[in-house]
Peer 1: 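The structure is given below, and queries will be raised subsequently.
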Amino acid sequence: MGAGDTAQPARPAETARPDAGQAAVRPVLHGACRPAVSVIRNRADFLKAARARRQAVPGFLLQARRRRQEEPFSDIRVGFTCSRKVGNAVTRNRAKRRLRALAHAVLADEGRKGWDYVLVGRPQVTVARAWPDLIGDLRRALESVHAEREARP
RNA sequence: GCGGAUGGCUGGACGGCCGCGGGCCGCAAGGUUCGAGGAAAGUCCGGACUCCAUGAGAUGACGGUGCCGGGUAACGCCCGGCGGGGGUAACCCCAGGGAAAGCGCCACAGAGAAGAGACCGCCACCUGCCCGGAAACGGGCAGCGGCAAGGGUGAAACGGUGGGGUAAGAGCCCACCGCGGGCCGGGCAACCGGGCCGGCAAGGCAAGCCCCACCGGGAGCAAUGCCGAAUAGGGGCCCCGCGCGGGCCGGUCGCCGUUUCCUUCGGGAGUGCCCUUUGGGGCAAGGCGAUACCGCCGCAGGGAAAUCUCAGCCCGGGGGCCCGGGUUGGCAGCCAGACCCUGCCGGUAACGGCAGGGCCAGAUGAAUGGUCGUCGCGGCGGCGCUUUCGGGUGCUGCCGGACAGAAUCCGGCUUACAGGCCAUCCGCGCGU
């Protein structure tokens with residue numbers, strides 16, 4: 001009986017894994033290796049990302065953090081933040097949805113495994129900025145954040 | 001046709017690419033179906049539902065409501081009336097109980113603001129002075145007085161208008177209106193109509209306090225209930241202190257069972273040990289599982305003692321029963337309901353009854369979308385055609401498309417809202 005119980009504690013750590021495992025299989029069908037993108041829902045992860053490096057671009061603010069060794073690192077995680085300064089509830093929702101679509105379009109190809117990204121909405125611009133400009137913003141922000149990492153030995 | 005009043009509806013459509021959340025089916029891949037609003041908002045009322053408190057309840061405090069009748073689960077909501085006010089009208093507006101229970105206040109202006117008051121003013125008798133006069137007397141001014149009509153102030157001036165009356169005046173008297181009290185008639189009632197009496201006594205503010213009637217226990221879904229890491233850890237009681245307990249390792253037991261090369265995929269050759277009836281079987285190595293039992297022998301050593309140490313390795317005083325707390329988080333509450341649609345019946349209506357049909361979001365760093373295109377709508381402009389000169393119509397360019405995002409759920413209220421549509425009614429104009 002004791003051996004049966006000892007297998008239990010290991011399970012919570014693996015809850016994030018199954019997605020990663022399936023995603024690792026799926027890209028083979030496409031021929032390219034696209035890591036899975038999952039969503040950050042935990043407050044602690046948001047706070048950690050906010051304390052790590054950041055890059056402001058016209059459309060939004062990007063916060064990014066490379067996860068530590070003991071955390072799962074096979075996927076890309078992304079979160080979204082729109083405070084009350086962005087506008088009323090309708091505007092906040094719309095800003096968040098645009099950021100979500102933006103992450104979907106760009107991050108799977110240009111994000112890095114084992115990193116957390118948080119996209120922070122800005123008043124007026126996040127909702128109004130033209131779509132191609134926003135995509136360009138994210139590409140430049142990612143480049144800058146990754147370069148900063150490599151410059152620091 | 002123009003202007004207006006009221007009630008209601010709508011809140012762009014279609015498609016391509018890429019996505020999200022829930023349910024159902026499926027081992028899975030995946031499939032299928034559903035997926036924001038009229039206010040989802042403000043959180044202002046009323047409930048459902050939970051937990052807490054409570055002897056039924058009464059009283060007080062506090063809060064709320066306030067014409068009458070009806071509707072409703074309930075309401076401060078809705079409907080129908082009444083009264084007052086506004087509008088030619090349709091219709092709209094009203095915080096609409098009590099001011100002869102009491103307290104308080106009524107700024108400024110004004111003489112005076114509640115049993116008030118005399119600034120200008122009006123006036124007879126009487127007294128004094130002056131003028132005229134022969135005198136009687138007349139006139140003027142002042143005093144002693146009378147009055148409150150007119151002027152003036154004010155949001156409001158101690159009933160209003162008219163007449164009589166008077167020196168001048170005054171509800172002093174009269175008529176009507178207003179006010180108060182009975183009476184009669186109508187209405188469930190608020191109230192309305194009529195008539196009689198009284199005779200001015202009763203200013204306004206209750207959204208200052210207050211009085212009267214009625215209603216209200218408190219907190220809220222972050223309510224509340226359940227599950228819940230681990231050698232973790234809190235409290236109580238009892239027992240033991242035994243080379244004891246827990247984890248890991250090994251032994252042991254059970255099950256499985258082997259390796260290399262070639263290949264035309266049929267097979268062939270080789271093989272750690274033993275047995276063989278040549279079919280194969282057993283043992284060792286290996287894997288998986290179980291773990292009661294065992295951990296070389298010996299049966300100990302240190303310390304005054306409690307007790308500690310050692311012997312596979314590591315950690316620790318141990319065991320039993322009961323109670324309680326609780327982090328990350330998960331589940332329930334949590335979506336079939338005072339529900340929606342249609343029809344019939346009752347009711348002026350709000351609404352109610354019956355029958356049939358329908359299933360319509362359940363997220364939790366929070367889904368219900370992102371992007372591109374076409375069409376449609378509105379505004380401004382250009383060109384063409386047409387015109388009863390108001391406009392209509394075709395093509396085209398630019399711009400715009402509101403207010404706003406479910407979070408336990410219902411009934412209301414309030415506030416926000418680009419543009420568009422419908423119905424009924426009123427006034428004016430024109431035609432018949």
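Proteins come first, then strands; the chains are lettered A, B, ... in the order of their sequence lines, and each starts at number 1.
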Peer 1: If we call it a pair only when both distances are under 3.5 Å in a Watson-Crick or G-U wobble match, what pairs with B/A305?
Peer 2: none

Peer 1: Could you list who else is in A/Val120's hydrophobic cluster, with ILVMFWY side chains joined at under 4.5 Å, directly or through other members?
Peer 2: A/Ile40, A/Phe46, A/Leu61, A/Val118

Peer 1: Does any nucleotide pair with B/A168 by Watson-Crick or G-U wobble geometry, both distances under 3.5 Å, and what is it?
Peer 2: none

Peer 1: Has the side chain of A/Asp137 got a donor or acceptor atom that lies under 3.5 Å from a matching backbone atom of A/Val57?
Peer 2: no

Peer 1: Rounded off to whole Å, could you give me the CG-to-C1' distance for the A/Leu99 and B/C20 pair?
Peer 2: 15 Å

Peer 1: Hunt down the Watson-Crick or G-U wobble partner of B/C255, both distances under 3.5 Å, from any strand shown, or write none.
Peer 2: B/G287

Peer 1: Output one letter per nucleotide in nucleotides 366-371 of chain B: B when a protein non-hydrogen atom lies under 4.0 Å from the base, S when only the sugar-phosphate is that close, - when neither is.
Peer 2: SSSSSS

Peer 1: Rounded to the nearest Å, what distance is computed from the CD1 atom of residue A/Ile135 to the C1' atom of nucleotide B/C372?
Peer 2: 12 Å

Peer 1: For RNA chain B, whose closest nucleotide is more 5', that of A/Val118 or that of A/Ala89?
Peer 2: A/Val118

Peer 1: Determine which pairs satisfy side chain to side chain donor-acceptor pair (under 3.5 Å) with at least one residue from residues 117-127 of chain A, sequence neighbours left out, and list them in order.
Peer 2: A/Tyr117-A/His146

Peer 1: Applying a 3.5 Å limit to both distances, which nucleotide forms a Watson-Crick or G-U wobble pair with B/C77?
Peer 2: B/G71

Peer 1: Could you tell me how far B/G187 sits from B/C192 if I compare only their C1' atoms? Round to whole Å.
Peer 2: 9 Å

Peer 1: Return the set of residues passing side chain to side chain contact (heavy atoms under 4.5 Å, CB included) with A/Glu110 (not counting sequence neighbours), or none when no residue passes.
Peer 2: A/Val106, A/Arg139, A/Leu142

Peer 1: Is there a Watson-Crick or G-U wobble partner for B/G12 with both distances under 3.5 Å, and which nucleotide is it?
Peer 2: B/C375

Peer 1: For A/Arg84, what residues pass the side chain to side chain contact (heavy atoms under 4.5 Å, CB included) criterion, not counting sequence neighbours?
Peer 2: A/Arg92

Peer 1: With both distances under 3.5 Å as the test, what is the Watson-Crick or G-U wobble partner of B/A222?
Peer 2: none

Peer 1: Sequence neighbours left out, what passes side chain to side chain contact (heavy atoms under 4.5 Å, CB included) with A/Ala103? Give chain and number order.
Peer 2: A/Val78, A/Phe80, A/Leu107, A/Leu119

